[in-house]
Amino acid sequence: MHSLASGSSVLRSGASCKPFAAPTSAGEATRRLILTQAKKKGGEKKGAQKKGGGALAELMKKKEEASQAGVAEGGPADGFASPEQYRDPEVVLQLMMICQSYKKQYNEFLMEVSFDTLAEAMYIAPFACLAHNKFEEGVEDPVFTYANKASLELFERTWDQMIGMPSRNSAEAAAQEDRTQVLEAAATGGSVQDYSGWRISKSGKRFRVKDLKLFNVTELDGTLWGQAAVFNQYELEDGTVVTVQGQAPPPSAIEIPPSQEEVDAAAAAVQEQAVAVRQLKEAQGLPNQDPQVQEAVAELQNRKQVLSELQAKFNAAVKEAEAAAAAPPTVDSWEDGEELK
């Protein structure tokens, strides 16, 4: 994984969500990396597979360094992962891709959080989320590249044990064929939902994930990168159904700008109401003073006002994104492993 993209990315908590806002100054360097995707050099076609190496190797290196530091300091505070691990810029970029791809596949948002709280919110979310690098070029045995706290607890592994582990190890031998079939179904169709299948933890505890959503993860330019899975219930061998517990996302002071889809929907609503007004006046012959016409016109004005406000916010966000994309550092420097200056 590398050069993960965002643009006007979107996230939301529960079953729906909102677009990313520009992060605060603390996240400025990372935001620039994301937005600089707009300047990415050509040569890759939509749907192409992403080459492996670069960022994933860097992520694995950071994992090892964090692991050694964790041993020296007594390990992660919660026993699974440290903030330095799940807040790593490369991880955050991956999360943005996951949320963006989820919206594309299911037409709903995954989390209602802004950029500055995304890493924390996803890590403590009330659902399990995992990802592996299935489509990276040269990858024959995909490995986990992300797992939030709910996933780590369920699989009884720490971040160091989970990240970089072949994802096939999440299922025992008897479940491999079923697992392969669902992965390929998602690879072909873009996503699957309502999947249930048996998995196994580090200690050998078997559990059946329920109503799982599995979807392809792509970059903004359509380049296939990997797959992610989310679910919030699983069943134990004794039949007990467990609902994943999590925490509410941390608050953010960042205003979330509208997405292009929201602007388009507002424009369509204006057109729809304009047609209704013409229908009253032209088809039914009602005068402007008629209460029905006045009410319809008032609604048309309200919808125009909403559209105007959304368009202004969207344009401001696009302008800011373009300005950030024109500023250093570049994606190329990130891919080359250079530190941000």
Side-chain angles (χ1 to χ4, degrees), residues 5-23 31 34-35 37-38 46-47 96-115 117-118 121 189-191 193-194 213 215-216 218-222 248-249 251-326:
S6 161
S8 296
S9 302
V10 242
L11 313 159
R12 200 176 263 195
S13 117
S16 57
C17 38
K18 278 270 188 184
F20 282 119
R31 177 171 65 89
I34 298 161
L35 296 175
Q37 175 71 12
K46 185 174 182 181
M96 296 181 74
M97 281 174 44
I98 289 173
C99 292
Q100 172 183 279
S101 299
Y102 182 96
K103 171 64 168 61
K104 177 182 178 181
Q105 294 296 335
Y106 300 108
N107 196 32
E108 64 182 24
F109 299 99
L110 184 58
M111 303 203 72
E112 188 176 15
V113 296
S114 54
F115 185 95
T117 61
L118 173 57
S191 65
Q193 58 185 2
D194 300 327
K213 290 182 177 179
F215 53 99
N216 292 341
T218 65
E219 295 193 11
L220 185 61
D221 63 1
S252 172
I254 294 176
E255 181 182 3
I256 300 175
S259 66
Q260 181 65 63
E261 290 80 4
E262 289 174 304
V263 174
D264 292 343
V270 169
Q271 292 300 318
E272 178 184 42
Q273 190 62 21
V275 171
V277 171
R278 287 195 298 271
Q279 177 73 14
L280 291 172
K281 297 173 66 174
E282 298 175 5
Q284 298 185 32
L286 299 178
N288 291 336
Q289 295 75 22
D290 187 272
Q292 291 187 60
V293 174
Q294 292 182 348
E295 182 179 355
V297 170
E299 175 62 22
L300 176 60
Q301 294 303 319
N302 288 336
R303 294 189 183 190
K304 286 183 175 180
Q305 181 63 30
V306 170
L307 173 60
S308 177
E309 293 175 358
L310 287 176
Q311 188 67 65
K313 291 180 180 180
F314 179 79
N315 290 343
V318 170
K319 184 176 180 180
E320 182 179 2
E322 291 174 344

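Listed by chain and number, the residues in a side-chain contact (heavy atoms from CB on, under 4.5 Å) with Gln311 are Val263, Phe314, Asn315 (sequence neighbours excluded). Taking the side-chain hydrogen bond (donor to acceptor under 3.5 Å, both in side chains) definition, one finds that Glu299 meets it with Arg303, sequence neighbours left out.
The two residues Ala266 and Leu310 make their nearest non-hydrogen contact at CB-CD1, 3.7 Å. Taking every heavy atom of both residues into account, Ser191 and Gln105 meet most closely at OG-OE1, 3.4 Å.
A salt bridge is defined here as a Lys NZ or Arg NE, NH1 or NH2 lying under 4.0 Å from an Asp or Glu carboxylate O, and Glu108 with Lys213 meets this definition.
Contact annotation: the side chain of Phe215 never approaches that of Lys104 to less than 4.5 Å [non-hydrogen atoms, C-beta and beyond].
The CG atom of Asn216 lies 14.5 Å from the OH atom of Tyr102; values are rounded to the nearest 0.5 Å. Interatomic distance, CD of Gln279 versus CD of Gln284, reported as 6.0 Å (0.5 Å rounding). Note that CG of Leu307 is 12.5 Å distant from CG of Asn302, once rounded to the nearest 0.5 Å. Here Leu300 contributes atom CG and Gln271 contributes atom CD; the two are 9.0 Å apart, rounded to the nearest 0.5 Å. Note that NZ of Lys313 and OG of Ser259 are 12.5 Å apart. Values are rounded to the nearest 0.5 Å.
The closest donor-acceptor contact from the side chain of Glu322 to the backbone of Lys319 lies at 3.5 Å or more, if one exists at all.
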Would you give me the side-chain donor-acceptor pairs under 3.5 Å for residues 286-298, sequence neighbours excluded?
unit_1: Asn288; atom_1: OD1; unit_2: Lys281; atom_2: NZ; d: 2.9
unit_1: Asp290; atom_1: OD1; unit_2: Gln292; atom_2: N; d: 2.8
unit_1: Gln294; atom_1: NE2; unit_2: Gln289; atom_2: O; d: 3.4

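One side chain, Gln305 or Glu309, offers a donor N or O that lies under 3.5 Å from an acceptor on the other.
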